[in-house]
Protein chains: 2
Amino acid sequence: MALGKNYEGQHCSLARALELVGERWTLLVVRDAFYGVRRYGDFLSHLDIPRAVLADRLATLVGAGILQRHRYQESPPRDEYVLTERGVELWSVIYPLMHWGARHFATGQWLRSFRHAACGTELDPGGRCPACGNADVPPGDVETVPGPGVPDEPRQDPVSVALRQRPHRLLEPLLPADRA
Amino acid sequence: MALGKNYEGQHCSLARALELVGERWTLLVVRDAFYGVRRYGDFLSHLDIPRAVLADRLATLVGAGILQRHRYQESPPRDEYVLTERGVELWSVIYPLMHWGARHFATGQWLRSFRHAACGTELDPGGRCPACGNADVPPGDVETVPGPGVPDEPRQDPVSVALRQRPHRLLEPLLPADRA
DNA sequence: CCGGGTCGGTTCATTCAGCGAACCATCGCT
DNA sequence: AGCGATGGTTCGCTGAATGAACCGACCCGG
């Protein structure tokens, strides 16, 4: 899609947002970043996305200030991609969309739910905690917990496995940094 | 993009949602539907979208139960596209995304704001009314009002003109049904 | 009852983005 | 030196988007 390719002429801020975030795969990359995925290879194996496309999307997201590239070791130089504040704000878009998809196109048991970590209450469709006065819950206080549903052919990549195994707080690194 | 083209293997409900709503142009079509655009020709002139793509997107949205096709006159047979309940629920995705785009990528004065029609208060980033106990405001109770910002080259299509001229309640038909 | 205009498409040739496999560079380890 | 891990880039192929042209149903004025 790329900027200006079209959508230009659309003065609406939605169009500008979609130029960045509306490309194929982009929102799934951001979702994974919320899950705590940070490394190229983990995005790759979890998303089954062509390598070139992933490289392109990561570069776009970094350029837009949605992800930040952070060198976590020299030699060999290794970077991880972490959500910026601007990226974290996309939670208020991603969660309702995810919830909408689950409400209308669910197949079988639910795979995952999202709870307010402080009280364990499941979030409402807008991402708020019904038990805490309907307050907005920042993604850092959200915990994703595996549900009873397991797909017919569960994915075996490290990210999918980790998400199935245990509850996990959003934004925190999902995988240990030092696996072989 | 189309279903199954890829994103398959992604069991997440976000992926399924994006298969429908994540294609290029689709969310802009839905946004226009909230603005009260209902007719093929109006979508066309407002979005500058290729005719074939518009026809495809409308068919997909109707097939997914997001828009409903409604014949409003026989002879010549004319249909209009109206949001279903399922489509209306996308407001909780579109508004936050629009707001996010405006916050981070604004250029110049704001073009439009969204108010709670009952009390005139501008909606918060989550689409709630701060004056009414932070209650969710259903899109039917939202009014869009033109802002001070006018683009350098304002669009002249009927939809753009109408949106610039007067406040307008979402979901209500934007244009008179009987223009020449 | 003929000609022109409107509306809502479909068709088609071109261009562009996504795909997936192969390749490559750097580094650490043995 | 050789091998594997990591994080890419390159490249040929294919499928979707683009935009212009065409089409058919219908209305209206003459």
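Note that the structure is a prediction, hence the values are computed from the model and not measured. Just so we're on the same page: letters track the sequence lines, and every chain starts at 1.
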May I have the distance from [X] (atom [atom1]) to [N] (atom [atom2]), rounded to whole angstrom?
X: B:Glu74; N: D:dC26; atom1: CD; atom2: C1'; answer: 13 Å
X: B:Glu23; N: D:dG15; atom1: CD; atom2: C1'; answer: 13 Å
X: A:Tyr72; N: D:dG7; atom1: OH; atom2: C1'; answer: 10 Å
X: B:Tyr40; N: D:dA25; atom1: OH; atom2: C1'; answer: 15 Å
X: B:Leu54; N: C:dC7; atom1: CG; atom2: P; answer: 15 Å
X: B:Asp79; N: C:dC7; atom1: CG; atom2: C1'; answer: 11 Å
X: A:Arg24; N: D:dA17; atom1: CZ; atom2: P; answer: 10 Å
X: A:Trp25; N: C:dG18; atom1: CH2; atom2: P; answer: 11 Å

Q.
Just N and O in the side chain of A:Tyr81: are any of them under 4.0 Å from OP1 or OP2 of D:dG7?
A. no
Q) Just to confirm, is there a sub-4.0 Å distance from OP1 or OP2 of C:dA17 to any side-chain nitrogen or oxygen of A:Arg57? A) no
Q: Counting heavy atoms from C-beta on, name the nucleotide in C:dC27, D:dG8, D:dA17 closest to the side chain of A:Pro77.
A: C:dC27
Q: Name the closest nucleotide to the B:Val53 side chain, picking from D:dT18, D:dG8, C:dG20.
A: D:dT18
Side chain [X], main chain [Y], donor-acceptor under 3.5 Å:
X: B:Arg155; Y: B:Ser45; value: yes
X: A:Thr121; Y: A:Pro130; value: no
X: A:Thr84; Y: A:Ile66; value: yes

Q) How do A:Arg51 and A:Pro76 order along DNA chain C: which one's closest nucleotide is nearer the 5' end? A) A:Arg51
Q) Thinking salt bridges, do B:Arg69 and B:Glu80 make one under a 4.0 Å N-O criterion? A) no
Q: Would you mind telling me which residue lines up with the more 5' stretch of DNA chain D, A:Arg78 or B:Asp56, judged by nearest nucleotide?
A: A:Arg78
Q: Select base, sugar-phosphate, or nothing to describe what A:Arg38 touches, counting heavy atoms under 4.0 Å on all strands.
A: nothing
Q.
Once you apply a heavy-atom cut-off of 4.0 Å, does B:Arg69 come out as touching a base, just sugar-phosphate, or nothing?
A. sugar-phosphate
Q | Aromatic ring pairing B:Phe43/B:Tyr81, orientation class (parallel under 30°, perpendicular over 60°, tilted between) | A | perpendicular
